[in-house]
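Treat the numbers as computed from the prediction; the structure is a model and nothing was measured.
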Amino acid sequence: MRQGEGEAISTVEQAIDLISVVKEIHGLSSQELNKLLRDSENFTIHFVTEKGLDVKIDVEKLAGFLPLHLIAVLVSSDRDEALLRYLLCGIRILHSLCELAPRHTKLEQILLDDVKVSEQLIDLVFYVLIVLNDYRQDIHDSGPVPVLLSALVACSFYLLTGCISSQWQDLALVMVAHPKVDMFMDVACRAIHLVVRFLQNKLSVQHIEICVKSSSTTESMVNYLCQQCEASLQFLQLLCQQKPFRERLLKNKELCGKGGILFLAQSILKLHAPDFAESSAIVAALSRLKAKVLSILLHLCEAESISYLDEVASSPASLDLAKSVAFEVLELLKTGLSKNPKHLSASSDRTYPMGLLQLNAMRLADIFSDDSNFRSYITVYFTEFLSAIFSLSHGDFLSMWCSADLPVREEDATLYYEVFAAAGWALDSVSSSDLSNTSNLEFTFIPNSNMSQASYVHQRTSLFVKIIANLDCFIPNICEEQERNLFLHKFLGCLLMDPSKLLPSYAFITGPQKASAVQKNLRSLLSHAESLIPTFLNMEDLQLLRVFFDNLQLLMNPSEFEENRVQDDRSLGGCSSPLLRREPPNLNNRNGNLKEEMSENSAFQEEHFYVRNSHMDQADGVTRRDMMDDKDKSITPSGLKEIDRDVQNVETSGSDTSSTKGKNAVDKLAERQRENADVREDEKVETVQTEEKHRRKRKRTIMNDEQVTIMERALLDEPEMQRNTTLIQSWADKLSHHGSEVTCSQLRNWLNNRKARLARLSKDARPPPEPDNAFAGKQGGPQQGHSLRAPDSPGQETTPSNTRGTRSMSRMNTSENPVAPEFVDYGAAEFVQCKPGQFIVLVDGRGQEIGKGKVHQVQGKWWGKSLEESGSCVVDVVDLKADRWVKLPYPSESTGTSFEDAEKKLGVMRVMWDSNKIFMLRPQ
């Protein structure tokens, strides 16, 4: 016999021996193995099999050969039940040996210190996950495959904690450093998704099986699948809590850019078990599953380096998928909040932790509602439920949102997964024809949070306030124009609906008293929210809620809530048009201390607004907030709420009659508001204090004008800054010296939203508007002109719309010879009241043309100077006719003393100019 043949035969014999050893000793726990090793000589244990055979096993050789042996079996065997069973036995033994390693030096040297064996263990896990994905055709298998595969996925994951480290931060570092980490992430998520689908199938067909088998048998199987699914998902969740793993995951295009994580989340959020509603173990397990997958999404959304939602929004398919996940999140919230805690009762003697499902769902709703890609979607599908909450009786509303105590609170916990027990249950269940002889498997739960009851309740209320603030906030430079007033009008329309179907376990106020009940609830929420500052809420959120309340008071008409009109105003697709007062509220009587105003019969603190000139807007409606445009813009006491013209664009439905009625009422209200504003102007009411003049903005517009200008200049040199965390942190530190503190996360969000806005502008670019629009005027002869080009979209010509003001569109580089819309000669220009985004011509004191440009800002302060008091506005010069060294009418060391100096300091030729020396240009 040749030497090679002899080695081959020896290898085959060794493999056969290993196979028999694996099948014989996998049932020995680590405690039993440890006892045998203590009694052994030369690390060789004596073991008597069930058949009475005395077997000697060299544990040292077993530990060294078993990982590679299992890989070989995995590669060479058929994809059948036998392979799954054998792999599960092998991994069960490996895990027991890893548990023993710290107690035995030889095992520790082999399994933990030997780099080669450690690599084989990691490769084994990788290959197992890859092979398991070949079992997708067995989704509807009612045999042993789902049980074995579910256990094998979870046991493979937790084998890594045994052979690498039980500390998740250490494990994350090792996994990220592995050259096949991206493949691991991909196959791991696919394997978990497969397990979820097995569970989903079991839940969908169990009602058939329950008629044939005993209910306890079916319940035991479903409960086991839930446990394995939770253990696998928990492994991914705990890794995502570690920054290195999370940031590497965000760079995975399959999982983040193409929606792999979202597919997994969607499948889990759709899990339902109505036939097991009485099983507290299964109900709690499904709740924890959903809470954990929401936690994964939260970690990704809150990552510092890359914006997960921007990655998701990079393709229409993944954006649609994200919206479907957002819909499931909202449905979870509706289901959870519709249950009255006072009416809940325990279904069994033992209670299980449910996970922070409701709190995580509210956190995600807060993030979605604060993102420009999702705000309208959240508004359309969640406003009716929000309106129902505010329609509650005052007692129920207070106990739900304004109390420091709830009868029931969520508890988060980590499943302490035991590989040996989990694998054993699966092997026993597939070997037994009757599961009733198999005892239920129970795992220990380790409480995660030390959050107090009061802290939980306050977080819940603060998130509720933030969601409303996000939805009601309108930022012209970021939000789409059709989003203006979308939430306010839809909320008003939804108040006409019957809320009892959405919150069946609560009491409501109906009829004419409903309007006052809603206002009373809002007033109480405002008072309670004030007590949550600054620990749980910031002042900005409170102010936005306050403005929403004031808008609501202005528009609500109690007579619209008559019982016999509720059904007439309902529509399947949405809500009817706004409910409007016949007379605007008396603003003069609304002042005083906030806490006093929160009392039941007092009016609320006055909010000051302004009205646009009537000839600037043809169809007016009540605005949500142009006051968010700049926090330094002043608000005069004579002002009222801005009138918006896009009520017809709100994504609501209703009868033509109610819509027409609402619009006419808005027009009447607008006319009265303008008359009142003129009267107050004639009376020359004193200006309010400086701190009351500052306009409020959402988090992503936290920077002042100076900070924005600094960033615009920096982006000229670093257009892809949002992908450089170090650079973002550096600029965040610099910006904090020029105004309010700007964190790295806030700056990153600002950069990502700016980029998304520019991309949206490029996509929505339209040709120059026809003469019958806002530029309408006398026709003139054609003339060669200039075009505007978005700075981050070279080569794409865009024509700015007068309905959307964008800061980035005004950052123009004249050296690129930009081409603007066709302009007429100076003589064809008209003097008008300026609006941001309009194209104008500048003249000097003698009426000589200085140049052409675009209006950037017309109200508030610019670098400390009040535009209203100086009678000026800020413009971006596109085509300068005068010399570049000509002195500016408002010279400043910060903004420049000449046109050339302004361009050097700001990166764009942006200057203050007297409003009476500005004329609007008309296109041809």
Side-chain angles (χ1 to χ4, degrees), residues 477 629-634 703-719 731 734-739 742 754 786 788-791 800 805-818 820 834 836-919 921:
N477 287 349
D629 191 20
D630 193 304
K631 69 178 181 181
D632 292 326
K633 293 182 182 178
S634 61
M703 298 188 295
N704 58 32
D705 283 337
E706 180 182 2
Q707 291 170 321
V708 169
T709 302
I710 291 172
M711 284 311 304
E712 293 289 355
R713 293 175 62 185
L715 287 169
L716 293 174
D717 299 323
E718 297 288 347
W731 278 104
K734 294 177 183 177
L735 291 174
S736 298
H737 296 295
H738 297 274
V742 179
R754 175 186 175 278
H786 307 271
L788 299 176
R789 182 172 297 175
T806 57
R807 182 165 53 253
S808 59
M809 289 298 295
S810 63
R811 182 166 61 87
M812 299 167 287
N813 190 341
T814 57
S815 63
E816 293 181 327
N817 190 24
C834 296
Q838 285 182 327
F839 292 94
I840 46 85
V841 63
L842 308 176
V843 299
D844 60 17
R846 299 188 300 272
Q848 299 296 316
E849 181 180 357
I850 297 297
K852 298 182 178 71
K854 192 181 79 166
V855 177
H856 171 70
Q857 181 180 335
V858 297
Q859 290 183 324
K861 290 185 177 181
W862 194 67
W863 291 85
K865 296 181 180 179
S866 173
L867 300 182
E868 289 89 348
E869 293 176 3
S870 61
S872 61
C873 61
V874 181
V875 300
D876 291 330
V877 181
V878 180
D879 184 18
L880 182 64
K881 298 297 180 63
D883 293 324
R884 299 172 64 86
W885 47 263
V886 169
K887 187 176 181 181
L888 298 175
Y890 298 93
S892 168
E893 289 296 324
S894 301
T895 60
T897 57
S898 65
F899 290 102
E900 184 178 26
D901 192 25
E903 188 175 33
K904 289 180 180 179
K905 290 181 179 293
L906 304 179
V908 57
M909 202 175 289
R910 182 170 295 166
V911 299
M912 278 182 65
W913 208 260
D914 291 330
S915 300
N916 59 1
K917 297 175 184 177
I918 294 177
F919 295 79
L921 289 165

Backbone of [Y] reached by a side-chain donor or acceptor of [X] within 3.5 Å:
{"X": "Trp913", "Y": "Asp844", "value": "no"}
{"X": "Glu868", "Y": "Gly860", "value": "yes"}
{"X": "Thr897", "Y": "Pro891", "value": "no"}
{"X": "Gln707", "Y": "Leu735", "value": "yes"}

Exercise. Is it possible for you to check whether Lys865 lies under 6.0 Å from the centre of the six-membered ring of Trp862, through NZ or CZ, and within 45° of that ring's axis?
Key: no
Are the side chains of [Y] and [X] in contact, using a 4.5 Å heavy-atom criterion?
{"X": "Met912", "Y": "Val874", "value": "yes"}
{"X": "Gln859", "Y": "Leu867", "value": "no"}
{"X": "Tyr890", "Y": "Ser872", "value": "yes"}
{"X": "Leu842", "Y": "Lys881", "value": "no"}

Exercise. For Val875 and Val855, work out which heavy atoms get closest and say how close.
Key: CG1-CA, 4.2 Å
Quiz item: Taking all non-hydrogen atoms of both residues, which atom of Cys873 and which atom of Ser915 are closest, and how far apart?
Solution: N-OG, 3.9 Å
Roughly how far, to the nearest 0.5 Å, is the [atom2] atom of [Y] from the [atom1] atom of [X]?
{"X": "Arg910", "Y": "Thr895", "atom1": "CZ", "atom2": "OG1", "answer": "11.0 Å"}
{"X": "Leu715", "Y": "Ile710", "atom1": "CG", "atom2": "CD1", "answer": "12.0 Å"}
{"X": "Ser898", "Y": "Lys887", "atom1": "OG", "atom2": "NZ", "answer": "10.5 Å"}
{"X": "Met909", "Y": "Asp879", "atom1": "CE", "atom2": "CG", "answer": "10.0 Å"}
{"X": "Gln838", "Y": "His856", "atom1": "CD", "atom2": "NE2", "answer": "14.5 Å"}
{"X": "Asp876", "Y": "Lys852", "atom1": "CG", "atom2": "NZ", "answer": "16.0 Å"}

